[in-house]
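Written out below as structure tokens is the structure these notes cover.
These numbers come from a predicted model, not from an experiment.
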Amino acid sequence: MYTREYGARAGYRPEIYIPYSRTAPVSPAPADVPAVQAVTRDQVKAHARVDNDDEDSLIDLYLAAAAAGVEQSTGQKLGQVALDAYVPALPSESTLYLPWGHVQRVIQIAYRGEEGAYEEWPQQFWELQTLPALSGVRTTDGTGIYPARLYAPDRQAVRIRYVAGYDDAEEIPTPLRQAVLMMAGELYNERELHRTQPGVIAIPNPAAQMLMAAYKVRWPQ
């Protein structure tokens with residue numbers, strides 16, 4: 001399944017980055033990857049000036065939606081999550097940039113063996129390269145992983161399992177936490193306006209957009 005020279009001889013063009021659509025959360029989540037919330041329910045309630053518990057479940061929904069919105073807007077995971085990224089090949093001496101920004105660690109790189117099950121690729125053949133908001137896996141020793149049939153590749157032939165996000169709420173950049181808080185509070189306070197005017201597209205909060213702008217993942221060209 002993996003060789004040193006096959007891909008280069010065949011002219012295989014390495015991918016620069018892995019599309020977001022080729023990632024999925026690991027299920028069940030590993031026990032050593034606990035959930036982390038960027039903002040708490042109590043913080044949203046204080047921001048929205050809510051002094052009762054009658055709508056806690058609704059506020060939780062707005063909070064989850066706001067956090068997901070910030071992640072989609074920036075391309076970064078906030079609370080840490082284990083992800084599987086899939087590619088049809090892992091070219092030799094190339095860097096594949098991983099989606100969802102801040103990567104803590106790579107758990108495993110595996111390839112689909114002859115029996116269809118994933119087999120671990122030795123760590124001596126790869127390394128994690130980390131930048132502030134962008135990380136990638138680089139192959140070493142001139143070795144890569146290539147599909148058995150180059151012209152009809154299995155798009156999930158190689159699986160990169162890694163942990164993205166922050167392992168503590170205090171490590172999440174303050175502007176991103178504030179953006180989550182502002183968006184959750186706005187979803188709560190403006191819900192009647194959105195409900196009574198179907199078809200109206202809400203204008204994004206410009207302050208939240210400004211806070212997120214500096215943390216948006218920008219792929220290399």
Fill in: Results of salt bridge (Lys or Arg N to Asp or Glu O under 4.0 Å) for Arg105 - residues two or more places apart only
Asp32

With a cut-off of 3.5 Å and sequence neighbours excluded, list every side-chain donor-acceptor pair involving residues 23-30.
{"residue": "Thr23", "atom": "OG1", "partner": "Tyr20", "partner atom": "O", "Å": "2.8"}
{"residue": "Thr23", "atom": "OG1", "partner": "Trp100", "partner atom": "NE1", "Å": "3.4"}

Worksheet item: Side chains of Glu55 and Tyr188: does their closest heavy-atom pair fall under 4.5 Å?
Response: yes

Item to complete: Show which residues join Val36 in its hydrophobic cluster (side-chain heavy-atom contacts under 4.5 Å, direct or indirect), or state none.
Response: none

Worksheet item: If two hydrophobic side chains count as joined below 4.5 Å and joins carry through other members, does Val50 share a cluster with Met182?
Response: no

Discussion item. Test of understanding: with side-chain hydrogen bond (donor to acceptor under 3.5 Å, both in side chains), list the residues that count as partners of Asp42, not counting sequence neighbours.
Written reply: none

Discussion item. List the residues meeting side-chain hydrogen bond (donor to acceptor under 3.5 Å, both in side chains) with Gln43, not counting sequence neighbours, and say none if there are none.
Written reply: Thr40

Response to the item:
Scanning both residues in full, the closest heavy-atom pair of Tyr166 with Gln76 reads OH-OE1, 3.3 Å

Fill in: Connected hydrophobic set around Ile107, excluding itself, where side chains approach under 4.5 Å
Val33, Val163

Worksheet item: Between Gln80 and Pro34, which heavy-atom pair has the shortest distance, and what is it?
Response: NE2-CD, 3.0 Å

Discussion item. Strictly distance-based, threshold 3.5 Å: is any side-chain N or O of Arg177 a donor or acceptor partner for the main-chain N or O of Ala38?
Written reply: yes

Worksheet item: Would a 4.5 Å heavy-atom cut-off, applied to side chains only, mark Leu176 and Leu211 as touching?
Response: no

Worksheet item: What pairs with Glu120 under salt bridge (Lys or Arg N to Asp or Glu O under 4.0 Å), at least two apart in sequence or on another chain?
Response: none

Worksheet item: Tell me, which pairs form a side-chain hydrogen bond (donor to acceptor under 3.5 Å, both in side chains) where one or both residues lie in residues 57-71, sequence neighbours left out?
Response: Arg41-Asp60

Worksheet entry | For the student: nearest non-hydrogen atoms of Leu187 and Ala66, plus distance | CD1-N, 4.3 Å

Item to complete: Kindly give the heavy-atom pair with the smallest separation between Ala164 and Leu83, and that separation in Å.
Response: CB-CD1, 4.1 Å

Fill in: Trace of the side-chain contact (heavy atoms from CB on, under 4.5 Å) decision for His102 with Tyr215
CA-CA 10 Å; His102 183 80; Tyr215 295 91; over 6 Å; no

Worksheet item: Can you list the residues that meet the side-chain hydrogen bond (donor to acceptor under 3.5 Å, both in side chains) rule with Thr140, with sequence neighbours excluded?
Response: none

Worksheet item: Hey, mind stepping through Val217 and Thr74 against side-chain contact (heavy atoms from CB on, under 4.5 Å) and telling me if it holds?
Response: CA-CA 6 Å; Val217 173; Thr74 61; 6.0 Å; no

Discussion item. Any non-hydrogen side-chain atom of Tyr162 less than 4.5 Å from a side-chain atom of Pro99?
Written reply: yes

Worksheet item: Looking only at heavy atoms, what is the nearest atom pair of Leu78 and Ala67, with distance?
Response: CD1-O, 4.2 Å

Worksheet item: Rounded to the nearest 0.5 Å, how far does CG of Leu61 lie from CG of Asp56?
Response: 12.5 Å

Discussion item. Closer than 3.5 angstrom, by distance alone: can the side chain of Gln104 be matched with the main-chain N or O of Gly165 as a donor-acceptor pair?
Written reply: yes

Worksheet item: Does a side-chain heavy-atom distance below 4.5 Å link Ile109 with Phe125?
Response: no

Item to complete: Check whether Val180 and Met210 end up in the same hydrophobic cluster, where Ile, Leu, Val, Met, Phe, Trp and Tyr are linked by side-chain heavy atoms less than 4.5 Å apart.
Response: no

Worksheet item: Just checking, any donor-acceptor pair under 3.5 angstrom between side chains of Arg159 and Tyr86?
Response: no

Worksheet, complete the sentence: By salt bridge (Lys or Arg N to Asp or Glu O under 4.0 Å), Asp168 pairs with (sequence neighbours left out) none

Item to complete: Would you check if His47 and Val39 make a side-chain contact, meaning some heavy-atom pair closer than 4.5 Å?
Response: no

Fill in: Side-chain heavy-atom pair Val137, Gln129 within 4.5 angstrom cut-off
no

Practice prompt. State, with a plain yes or no, whether a side-chain heavy atom of Met212 is found less than 4.5 Å away from one of Lys216.
Written response: no

Item to complete: Supply the atom-to-atom distance Gln156 CD to Arg112 CZ, rounded to the nearest 0.5 angstrom.
Response: 6.0 Å

Item to complete: Write out all pairs satisfying salt bridge (charged side-chain N to carboxylate O under 4.0 Å, His left out) with one or both partners inside residues 78-92, taking only residues at least two apart or from two chains.
Response: Asp84-Arg161

Worksheet item: Is Ser135 reaching over with its side chain to a backbone N or O of Leu98, donor-acceptor style, under 3.5 angstrom?
Response: no

Worksheet item: For Asp53, which residues count as a side-chain hydrogen bond (donor to acceptor under 3.5 Å, both in side chains) partner, sequence neighbours excluded?
Response: Lys45

Worksheet item: What's the shortest heavy-atom distance between Ala179 and Ala208, and which atoms?
Response: CB-O, 4.2 Å

